[in-house]
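Okay, structure first, notes after.
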Amino acid sequence: MTRAVGRRRRAAGWSLAARYLLLLAVLALTVGPFLWQLSTSLKGPGEDIYRFPPSLLPHRPTLANYAEVARVIPVWDFALNSLKVAAANVLTNCAGAALAGYALARLRFRGRRVAVVVFIMAMLVPVESIMIAQFMTMRQLQLHNTLLGVVLPGCIGAMNVLLMRNAFAALPYEVEEAAFVDGASAWQRFVRIALPSVKGTLAVVAVFAFMGAWDDFLWPLIVLSDQSKFTLTVGLNYLHGTFADNQRLVAAGSVIAVLPLIVLFAGLQRYFFRGVGEGAIKG
């Protein structure tokens with residue numbers, strides 16, 4: 001009996017150790033490259049970034065690389081353009097996806113199931129296959145080489161609509177039925193009851209929309225030709241082309257591009273992890 005208990009404890013200990021080792025491996029693969037870029041961006045010209053064994057901690061940390069990036073390219077202007085595009089993308093996706101998702105989940109109209117199938121099929125279409133058509137559309141509307149032309153194709157994502165639809169569909173009908181009996185309209189039920197109950201899913205949509213717009217490179221590269229309107233991802237491409245040998249500047253530019261995403265996620269993580277499991281209003 002004692003030996004069996006001992007074997008179980010040893011097996012549980014090995015299982016726990018294996019889990020921690022797996023978590024550490026995943027952490028190294030996901031966070032490791034960012035830490036390496038951060039370390040490289042803080043190293044001065046006197047430090048060898050290719051030494052072996054590699055040194056993660058800079059001997060003399062410096063912010064000179066960030067100042068040099070700002071001197072070489074108008075990085076803050078590019079960042080402002082990206083912020084405008086990302087903010088517009090977040091607003092349009094949150095508003096449009098919430099309205100469409102509520103209509104698909106709660107309202108009864110002809111063709112509702114067909115609309116859901118259309119949104120699902122839209123997710124299966126590769127973006128690259130319709131990019132030429134999108135560019136021709138923006139050109140016909142005279143929106144090419146404008147930030148509005150960058151925003152429009154991604155202003156409402158099919159996946160975000162389906163996320164909001166599932167969130168609204170998970171809410172109990174009884175809460176809205178009580179409001180309906182009291183004479184609340186569909187808009188009042190949406191704004192006052194349904195929308196406050198899905199803050200977690202709205203946070204997910206906001207994070208996905210911001211990341212998609214902030215990290216997008218191909219579409220802004222195609223639709224924009226004026227350097228003053230470049231987004232950050234397109235503008236940082238100059239560092240790779242002109243200063244490919246100076247990896248410190250490339251690393252500093254990469255860190256500048258990642259920091260807003262970290263700040264956004266840190267601010268919304270409390271709502272983000274609620275996900276699509278939002279329940280009804282408590283009280």
Side-chain angles (χ1 to χ4, degrees), residues 2-66 69 75 79 82 86 90 123 157 159-160 163 166-167 199-218 232-233 236-237 239-240 243-278:
T2 306
R3 293 181 178 178
V5 173
R7 284 195 295 268
R8 291 196 195 98
R9 289 180 178 177
R10 284 194 295 270
W14 282 111
S15 176
L16 183 62
R19 292 177 185 177
Y20 277 110
L21 287 176
L22 180 60
L23 288 175
L24 289 175
V26 173
L27 182 66
L29 290 175
T30 54
V31 183
F34 172 73
L35 293 179
W36 180 256
Q37 287 288 81
L38 179 62
S39 173
T40 304
S41 68
L42 296 175
K43 292 180 178 179
E47 293 189 52
D48 185 9
I49 61 176
Y50 300 107
R51 60 173 294 186
F52 186 84
S55 176
L56 185 61
L57 297 177
H59 295 299
R60 294 181 179 178
T62 177
L63 297 177
N65 295 320
Y66 293 91
V69 170
V75 64
S82 288
V90 169
M123 295 176 56
M159 183 183 70
N160 295 331
L163 283 175
N166 292 339
K199 291 180 180 178
T201 308
L202 273 177
V204 173
V205 171
V207 171
F208 284 167
F210 191 93
M211 289 178 60
W214 187 270
D215 291 337
D216 192 15
F217 172 74
L218 184 58
L232 186 59
T233 52
L236 290 179
N237 191 48
L239 293 178
H240 291 276
F243 299 94
D245 292 335
N246 194 344
Q247 293 299 319
R248 297 173 181 83
L249 297 187
V250 176
S254 301
V255 172
I256 292 174
V258 172
L259 281 180
L261 300 178
I262 298 176
V263 173
L264 176 70
F265 184 79
L268 295 180
Q269 62 174 335
R270 183 164 61 97
Y271 300 101
F272 182 85
F273 288 112
R274 292 183 185 178
V276 296
E278 292 285 353

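Of all the heavy atoms in Thr201 and Ala167, the pair that sits closest is OG1-CB, 3.4 Å. The minimum heavy-atom distance between Ala86 and Ala213, with the atom names listed, is CA-CB, 3.7 Å. Pairing each heavy atom of Ala252 with each of Val69, the nearest pair is CB-CG2, 3.9 Å. Taking both residues in full, the closest heavy atoms of Leu236 and Ala257 are given as CD1-CB, 3.8 Å, listed atom of the first, atom of the second, then distance.
The side chain to side chain contact (heavy atoms under 4.5 Å, CB included) search around Leu218 returns Glu128, Met131, Ile222, not counting sequence neighbours. Here Asn65 pairs with nothing under the side-chain hydrogen bond (donor to acceptor under 3.5 Å, both in side chains) rule; sequence neighbours left out. Taking Ser41 as the reference, Tyr66 meet the side-chain hydrogen bond (donor to acceptor under 3.5 Å, both in side chains) condition, with sequence neighbours excluded. By the side chain to side chain contact (heavy atoms under 4.5 Å, CB included) test, Thr40 is found to be paired with Trp36, Ile49, Arg248, Ala251, residues two or more places apart in sequence or in another chain being considered.
Between the Ser39 side chain and the Leu35 main chain, no donor and acceptor come within less than 3.5 Å of each other. Checking side-chain atoms of Thr233 against main-chain N and O of Asp216 turns up a donor-acceptor pair under 3.5 Å.
Here the OG1-CG distance, from Thr62 to Leu42, works out to 8.0 Å after rounding to the nearest 0.5 Å. Separating the CG atom in Leu232 from the CD1 atom in Ile256 is a distance of 7.5 Å, to the nearest 0.5 Å.
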